[in-house]
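Contents: one structure, followed by commentary.
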Amino acid sequence: MSQDTHQAQTSSKQAPKRSNWYLLTGLLFGLILGLMYALVINPATQHDAIPANLKQANQDEYRSIIAQVYAATGNLERAKLRLELLEDQDAVHTLGVQAQRALANGNAEEARALALLAYVLQSETNPVFSPASTPTIQFIPTQTLPLPSATP
Amino acid sequence: MTDRTRRLIFFFIAIAAGTALGIALGWGVFPAKSADTSPRTLRIDFKTDYVLMVAELYQIDGDIALAVERLSYIDETDPVGLVNQAVDYAQEHTYAPEDLQLMLTLFSSVNSLLAQSG
């Protein structure tokens with residue numbers, strides 16, 4: 001028997017060469033499992049959120065507390081710095097809308113505080129509306145608050 | 001070891017590697033859903049400022065039960081721990097003495113309230 005024939009016969013008896021696609025399949029399957037676990041079952045929780053990252057309802061509560069503190073202490077600079085953390089596009093408008101919502105829900109004290117802060121901030125940007133006196137004035141919010149007029 | 005056994009072992013190793021990669025991607029690379037963040041995840045300086053706000057209101061209204069309710073916005077389960085953490089942070093970062101005093105007063109009152117009810 002020649003060497004070539006022997007090699008041919010030996011080759012034909014060897015198992016056919018298998019692909020390694022099963023490794024890729026396993027890897028993909030594991031990747032899907034890992035992603036499901038990390039994103040759905042046990043997502044990472046952050047511990048460095050800023051107030052602007054909070055859910056809308058939580059932002060409203062945060063804003064409400066800021067307004068109540070301002071109504072109690074009169075510290076406008078601190079209130080402004082705290083409001084900036086919420087990154088509202090129009091803080092006066094947002095405060096006004098929230099005040100109306102609070103009033104509609106029967107939270108008169110909260111509505112009063114929100115409306116007061118909105119009024120004082122609006123007075124700062126629009127000097128025509130000068131504040132009456134100290135920040136702790138008895139301010140009764142109306143059902144429809146004056147919104148900042150659009151600049152022509 | 002047969003060929004089939006070896007392939008099976010490598011298959012499970014590939015699954016394990018894929019899982020590890022998926023977890024690393026899910027936790028490290030893809031950002032957390034920032035629009036769905038709860039107050040509990042606020043950074044410590046913002047938590048401290050919130051506690052200060054509660055302390056300021058408590059100084060005015062003297063309502064400790066309401067103060068505890070306000071603190072539950074951040075931590076429902078351990079308001080004392082929250083205020084304690086805030087006081088520690090404030091002391092480390094040399095907050096104004098009057099602010100620190102407000103928080104210490106709040107801490108004392110919350111502690112007393114929960115000690116009485118507990």
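The shown structure was predicted, so the numbers you read here are calculated from the model rather than taken from an experiment. Letters A, B, ... mirror the listed sequences (proteins, then strands); counts begin at 1.
- Annotation: maximal heavy-atom pairing with chain A below 4.5 Å, among B:I13, B:L42, B:L21, occurs at B:L42.
- When every heavy atom of B:D61 is checked against every heavy atom of B:D63, the shortest pair comes out as OD1-N, 2.9 Å.
- The contact between A:Y22 and chain B is made by backbone and side chain atoms together, counting heavy-atom distances below 4.5 Å.
- Proximity to chain A involves both the backbone and the side chain of B:D49, based on heavy atoms less than 4.5 angstrom apart.
- Only the side chain of B:I60 comes within less than 4.5 Å of a heavy atom of chain A; its backbone N, CA, C and O stay farther away.
- Hydrophobic clustering (ILVMFWY, side-chain heavy atoms < 4.5 Å, transitive): B:L114 and B:Y73 are in one cluster.
- If you measure heavy-atom distances from A:L85 to chain B, the contacts under 4.5 Å come from the side chain alone.
- A salt bridge links A:R78 to B:E56: one of the charged nitrogens lies within less than 4.0 Å of a carboxylate oxygen.
- With respect to chain A, the highest number of heavy-atom pairs below 4.5 Å among B:F10, B:F12, B:F11 belongs to B:F11.
- A donor atom on one side chain and an acceptor atom on the other are found under 3.5 Å apart for B:R70 and A:Q68.
- Classification of B:D75 and B:K47 as a salt-bridged pair fails, no side-chain N sitting under 4.0 Å from a carboxylate O.
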